[in-house]
There are 2 protein chains.
Amino acid sequence: MKRPTIKDIAAAAGVSKGAVSLALNGRAGVSESTRARVLDVASALGYRPSVTARALSSASADAVGLVLVRPPRALGDEAFFFQLIAGMQSEMSCALLLQVVASREEEIALYQRWWAEHRVDGVFLVDLLVSDPRVSLMSSLGLPAVVVGGSGHHGSLASVWADDYAAMTSVVEHLKSLGHRRIARVAGLSSLLHTVRRDAAFASSVVDGVVVAGDYTAESGAAATRDLLSGEAPPTAIVYDNDVMAVAGAEVAASLGVSVPSELSLVAWDDSVLCQHGRLTALSRDTFAFGARAARALVSVIGGASPTDVQDVLPELVVRGSSGPAPGGSAP
Amino acid sequence: MKRPTIKDIAAAAGVSKGAVSLALNGRAGVSESTRARVLDVASALGYRPSVTARALSSASADAVGLVLVRPPRALGDEAFFFQLIAGMQSEMSCALLLQVVASREEEIALYQRWWAEHRVDGVFLVDLLVSDPRVSLMSSLGLPAVVVGGSGHHGSLASVWADDYAAMTSVVEHLKSLGHRRIARVAGLSSLLHTVRRDAAFASSVVDGVVVAGDYTAESGAAATRDLLSGEAPPTAIVYDNDVMAVAGAEVAASLGVSVPSELSLVAWDDSVLCQHGRLTALSRDTFAFGARAARALVSVIGGASPTDVQDVLPELVVRGSSGPAPGGSAP
DNA sequence: GACCCTAGCTAAACCGGTTTATCTCCGGCT
DNA sequence: AGCCGGAGATAAACCGGTTTAGCTAGGGTC
C-alpha cells in the first residue's frame, strides 16, 4: 500500500508540484478553479502530506517535547504528571514526544538532540531547579519553551506557574486559625525551585516551624513523620509536599496511636484519589487545566507570540477529615 | 546558532557528502583513514544527523507511537498506563509519540495519519477490543505493531499478554479456599477483550456468580457495590476489575456497616499505592516490566524479526487485610 | 605492456515537500 | 500599436540526508 505523494496529486490534477503545494496550503498563486480541482484530487486519493518532508524544508515538526527526569519505576505513582500531560494534549493538535530519563545531564542532551534533529517545535520545562541551566540553553538554542510550574518569570521564556508562596501561606493561615502553633513541614526535593519557594513562605509565616526533607516517596514521608512525632515537642500539624508522603504519614500516625485530627492535623499538597480516600485535607489544584494552559502558552510561543507569564489560579484548600482544631489549646 | 549539516562536515573534511554518509554509518566504501578523519571532524563540530532528513530517505522515523482512548480527565487516575509507559521507555532508545484521543475513530485516523506522515516506525496497541479493527488495519498498512495485553495471538501481529483467564481462576480459587461461595464480580468495560476473558473464567469457576458492569471509575465501583450489598442474598466476596473501583467499593461497604473482611472480602485487579494504603488484597503484576517486554517486542518487529507472542508471568495475588474466611461458613 | 579488477572516492539522483525565479499569457492604458 | 503589470502557472533549487552509477588510480596477472 503506497501512500500518495504530492507528485501523484500533481500528475492526477495535471499541474505541477509547486501548484499543488500552493493550492493545498491556501496560498496565493493558483486560481480558485485549480485549487478546487487539486483539493478534490487530493481528498479522493486520501493524500496526507509527510510531516517528515515538510519539516525538512525548515517548516514545523508538528510535535512538542516533554522530558521527565525520574527513576523510571517511581513514575507510576505520580498522577500529577499524567494529569498534566492529559491537559496538555487537550489543547494541542500536534503530537507530544515524551521521554523519561534518569539524570539532568541526559535531559539536557536530549533537548539538544531533539533540537538538532529538528524533532520538535518547542518543549515544556518541568521541575524547575533553583538556578536552572535549561533556561539559558533554550534561549541559546532558540528553541521555543514554556516553563511549567516555576515561580514567575524565567529569563526570556514564557512561563505558566502557580503561586506556591501564597498557597503555602494560605495553608499555614488555615492551620493557625485552628489554633495550631507548632507546625511542621515535610518538604520535597530541595533542588527544586518550588520547594524553595514553599520553604520561604513557610518560614515567614510559621514562628517555630520545623522542616524535614523528603523525596516524595511513601518511605520518606513515613520516616519524616516518625521523626517528627517522636521528638520531644511534636508538632500538632504537618504539611506535606505531596499526596504520597501525606498518606504515608497518616499511616505512621495511626500506627503510633496518634489520632487524626484530634491530636494531629495533616495537610497534603496536590489532591488526588489517594487523598480523597484517605480523607485527607489537601491543597487542590486543577492540574488538567494547568496542563492545558501550558500547552496554549507553548502553542502561541511557537506561533511567534512574545513569551508571557501566565499565573494559574490559586490552589484551593479542600478541608477533609484530617485537619481540625489544635489539641488542648483554646481555638479562637 | 546554526547546527552543522553533512555538507559542513564534508567541506571541513575535504570529502564529498556521500563519503561522509558512508563514513558515519560505518559502511564500506571509504578508507579507514578517511573514516577516522570524518568522525573527528563530525564530533569536533558537534554534528547530529537530522532524523527528519534521514526519515525522508525512507529510513526510520526513530519513534514509536501510542494512542490512548480516554475521556482526557479520567487519565490521571490510571497509574497503570503511566507505569506501562515508563517500562516501555526503559527498553527503547527511540522516542515515544503519545496522544490521547476521545474516540476509537480518532484513534484509527491517527494511526493512519502517523503512518502516512512517516512519523513512527511502529505502534503499540492497547485496550484491545473483542474484534478489533486495528489488527487488520496494521497488517494492511504494513505498520509494525505489538498488541499489548490482548489474549494470545492476534492476526499477524506480535503480542505481549498476560493470562487473564488463569489469573481470574486463581483469584476465585483463593476465595473458594477461604470458604466463599457467593462471589460477585464488578467488571470493566464489556467491549474490551480482557473483560470478556475474565468474564469467561469467572463464569466457569464460580457456580453462582453475579457480574455487574462497571467502567473503572470510582462512581461505578461504588454504585455496583451498593447494588450488590443491598440485594437479598449479598455476596460474601467481590472481585473488582481495577483498583479505583475496589477502593470505592470498600468505602461503600464501610458506610453500609458491612465489615471487611469478616463479613465481606474484597479483591482488586492491579495493585497500586491505592490498594496498599487501603490494605486491599490485590492481583499484582509488574506493569513496568510488562511495558519493557512490550517495547522489546516492538523493537524486534521493527528490526524485521517475525512477530512472536510473549506471555507475561502470571499476576500474583497479594493478600492484605481485605480478604479472609467467609462469614458464618465452616472454612475448610 | 595490455588487460582487468577493485578499493576509494565523487557526482548526481532521489526522498517529498516548500519556495523562488522565470515564463507566458492576457487585459488595460496611453 | 506598443507598453506595462499582474495573475497563473511551471521549472528548478533547496532542505539534509541516502544511495547508486560512474570515474580514477593502483596493483596483480598473463
Side-chain angles (χ1 to χ4, degrees), chain A residues 1-39 41-42 45-63 94 113-121 142, chain B residues 1-39 41-42 45-63 113-121:
Chain A
M1 182 170 165
K2 184 73 184 62
R3 54 191 227 79
T5 72
I6 203 171
K7 203 196 290 180
D8 302 325
I9 309 294
V15 292
S16 69
K17 277 170 57 179
V20 173
S21 177
L22 296 177
L24 291 176
N25 293 308
R27 305 182 34 165
V30 287
S31 66
E32 280 313 310
S33 64
T34 303
R35 183 187 307 279
R37 187 154 39 91
V38 168
L39 289 177
V41 172
L45 267 58
Y47 171 76
R48 283 244 146 232
S50 151
V51 241
T52 305
R54 184 173 276 170
L56 190 52
S57 307
S58 70
S60 90
D62 202 27
C94 66
R113 196 175 128 195
W114 280 354
W115 160 243
E117 292 177 345
H118 247 289
R119 256 215 138 105
V120 295
D121 296 325
Chain B
M1 180 169 165
K2 185 68 184 65
R3 52 189 229 81
T5 72
I6 203 171
K7 204 196 289 180
D8 303 324
I9 309 294
V15 292
S16 69
K17 276 171 55 179
V20 173
S21 177
L22 296 178
L24 292 176
N25 293 309
R27 305 183 34 167
V30 287
S31 66
E32 281 313 311
S33 64
T34 304
R35 183 187 307 279
R37 188 154 39 91
V38 168
L39 289 176
V41 172
L45 267 57
Y47 171 76
R48 282 242 145 235
S50 152
V51 236
T52 305
R54 184 174 276 169
L56 191 51
S57 306
S58 71
S60 88
D62 201 26
R113 198 175 126 194
W114 280 354
W115 159 243
E117 291 177 345
H118 247 290
R119 258 216 135 107
V120 293
D121 296 324

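Throughout, protein chains are lettered first and strands after them, A, B, ... in sequence-line order, and every chain is numbered starting at 1.
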Next on the checklist: If you compare every side-chain N and O of A:Arg54 against the phosphate oxygens of C:dT18 (OP1, OP2), does one of them come in below 4.0 Å?
Outcome noted: yes
Checklist entry - OP1 or OP2 of D:dA9 sitting under 4.0 Å from any side-chain N/O of A:Thr34? => result yes
Next on the checklist: Under a 4.0 Å threshold between the charged nitrogen and the carboxylate oxygen, would A:Arg54 count as salt-bridged to A:Asp62?
Outcome noted: no
Checklist entry - Could you give the NE2-to-C1' distance, from B:His118 to C:dG16, as a whole number of Å? => result 9 Å
Next on the checklist: In whole Å, I'd like the distance from the CG atom of A:Asp62 to the P atom of C:dG17.
Outcome noted: 14 Å
Next on the checklist: At less than 4.0 Å, is any side-chain N or O atom of A:Lys7 found next to OP1 or OP2 of C:dC14? Yes or no.
Outcome noted: no
Item to check | Residue pair A:Val41 / A:Tyr47, side-chain heavy-atom distance below 4.5 Å | outcome: no
Next on the checklist: Measure CD1/B:Ile9 against C1'/D:dG16 and give the value in whole Å, please.
Outcome noted: 12 Å
Next on the checklist: Measuring only between side-chain heavy atoms, which start at C-beta, is A:Val38 closer than 4.5 Å to A:Val30?
Outcome noted: no
Item to check | Nearest-0.5 Å distance that lies between atom OG in B:Ser16 and atom CD1 in B:Ile6 | outcome: 9.0 Å
Next on the checklist: I need the OH-C1' distance between B:Tyr47 and D:dG16, as an integer number of Å.
Outcome noted: 7 Å
Next on the checklist: Using 0.5 Å steps for rounding, measure from the CZ atom of A:Arg35 to the CG atom of A:Asn25.
Outcome noted: 9.0 Å
Checklist entry - Rounded to whole angstrom units, what separation is found between the CH2 atom of B:Trp115 and the P atom of C:dG16? => result 12 Å
Checklist entry - Taking atom P of D:dG16 as reference, at what distance in whole Å does atom CG of B:Leu45 sit? => result 14 Å
Checklist outcome for this item: Heavy atoms of A:Leu24 and A:Ala42 approach each other most closely as CD2-CB, 4.1 Å
Checklist outcome for this item: What residues 15-30 of chain A contributes to the DNA chain D interface at heavy-atom separation below 4.0 Å is A:Val15, A:Ser16, A:Ala19, A:Gly29, A:Val30
Next on the checklist: Whole angstroms only, please: what is the CZ-C1' distance between B:Arg37 and C:dG8?
Outcome noted: 12 Å
Next on the checklist: I want to check something: taking the side chain as every heavy atom from C-beta on, are B:Thr34 and B:Arg37 in contact at a cut-off of under 4.5 Å?
Outcome noted: yes
Checklist entry - How is B:Arg35 classified with respect to the nucleic acid when contacts are heavy atoms under 4.0 Å: base, sugar-phosphate, or nothing? => result nothing
Checklist entry - Does A:Ser31 make a side-chain N or O approach to OP1 or OP2 of D:dA9 shorter than 4.0 Å? => result yes
Next on the checklist: Please pick, from D:dG17, C:dC15, D:dA9, the nucleotide with the shortest atom-to-atom distance to any side-chain atom of B:Leu56.
Outcome noted: C:dC15
